[in-house]
Amino acid sequence: MNDKLKDKNLDDLFDAVLTLETREECYNFFEDLCTILELKSLSQRFQVAKMLNEHHVYSDIVNETGASTATISRVNRSINYGSDGYRVVFERLKNKDKK
């Protein structure tokens, strides 16, 4: 993780997220924490990342998610040059589906 981001406040937030056990708890917590627009933006970025991971082309991603090409490029940069956060999540989700 980028050392400029690391601080006690972010640690506290991530520790709180790690205590959530169900999808319903996630809905409740994130509804309290974020605005609807913030949640929609986060979920859109995640859908973009999933589609990029599945090798969809930009035009399909724009049509499916409504994301701008700038957002798609930013997510693509994170996938290719970021901290591998998306890769970890995608692998765990894939393994979860196998169970």
Side-chain angles (χ1 to χ4, degrees):
M1 175 181 231
N2 184 338
D3 287 336
K4 293 179 182 178
L5 289 176
K6 279 194 171 194
D7 68 11
K8 174 81 169 92
N9 293 336
L10 211 45
D11 287 348
D12 288 348
L13 174 62
F14 293 152
D15 288 344
V17 170
L18 289 168
T19 67
L20 301 172
E21 295 179 2
T22 66
R23 185 176 290 146
E24 188 63 29
E25 287 180 355
C26 288
Y27 270 102
N28 293 337
F29 178 73
F30 282 99
E31 185 177 344
D32 287 348
L33 180 67
C34 301
T35 66
I36 291 171
L37 185 58
E38 289 167 335
L39 281 174
K40 292 206 174 277
S41 293
L42 289 170
S43 65
Q44 181 187 63
R45 286 184 199 157
F46 187 70
Q47 291 307 312
V48 166
K50 281 176 51 178
M51 292 183 76
L52 287 168
N53 190 58
E54 295 166 353
H55 308 291
H56 290 265
V57 296
Y58 275 36
S59 58
D60 290 343
I61 298 170
V62 168
N63 290 335
E64 179 79 21
T65 68
S68 68
T69 56
T71 296
I72 298 168
S73 293
R74 182 188 172 286
V75 171
N76 194 42
R77 221 175 9 262
S78 293
I79 289 171
N80 291 315
Y81 305 107
S83 301
D84 288 333
Y86 284 119
R87 181 190 56 76
V88 167
V89 168
F90 293 144
E91 284 182 18
R92 289 185 183 162
L93 285 171
K94 183 171 63 174
N95 290 335
K96 181 181 174 189
D97 289 342
K98 288 181 182 178
K99 292 179 181 180

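One is the number of the first residue; the rest follow in order along the sequence. From a predicted model like this one, the values you see are computed outputs, not experimental measurements.
Contact check for Arg74 versus Ser78: side-chain heavy atoms found under the 4.5 Å cut-off. The closest side-chain heavy-atom distance from Leu13 to Leu33 is below 4.5 Å.
Listed by chain and number, the hydrophobic cluster partners of Tyr86 are Phe46, Val48, Met51, Leu52, Tyr58, Ile61, Val62, Ile72, Val75, Ile79, Val89, Phe90, Leu93, where partners are ILVMFWY side chains within reach of under 4.5 Å, directly or through others. In the hydrophobic clustering, where aliphatic and aromatic side chains (Ile, Leu, Val, Met, Phe, Trp, Tyr) are joined below 4.5 Å either directly or transitively, Leu18 stands alone.
In the displayed structure, Tyr27 atom OH is contacted under 6.0 Å by at most 12 heavy atoms of other residues, nucleotides or ligands. Within a 6.0 Å radius of CD in Glu31, no more than 12 heavy atoms belonging to other residues, nucleotides or ligands are found. Heavy-atom neighbours of Glu64 CD from other residues, nucleotides or ligands within 6.0 Å: at or below the threshold of 12.
Side-chain heavy atoms closer than 4.5 Å link hydrophobic residues (I, L, V, M, F, W, Y) into clusters, and following such links, possibly through other members, connects Phe14 to Leu20. At a threshold of 4.5 Å between side-chain heavy atoms, the hydrophobic network of Ile, Leu, Val, Met, Phe, Trp and Tyr places Val17 and Val88 in two separate groups.
With Asp7 as the fixed residue, the side chain to side chain contact (heavy atoms under 4.5 Å, CB included) test singles out one of Leu5, Asp11, Leu10: Leu10.
Not a single donor-acceptor pair under 3.5 Å links the side chain of Asn53 to the backbone N or O of Ala49.
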Take Arg87 and Glu91 through the test salt bridge (Lys or Arg N to Asp or Glu O under 4.0 Å) and record every step on the way to the result.
CA-CA 6 Å; Arg87 181 190 56 76; Glu91 284 182 18; 3.2 Å; yes

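We find the CD-CG distance between Glu54 and Asp60 to be 11.5 Å, quoted to the nearest 0.5 Å. Between the CG atom in Asn28 and the CD atom in Glu25 there is a gap of 8.0 Å [rounded to 0.5 Å].
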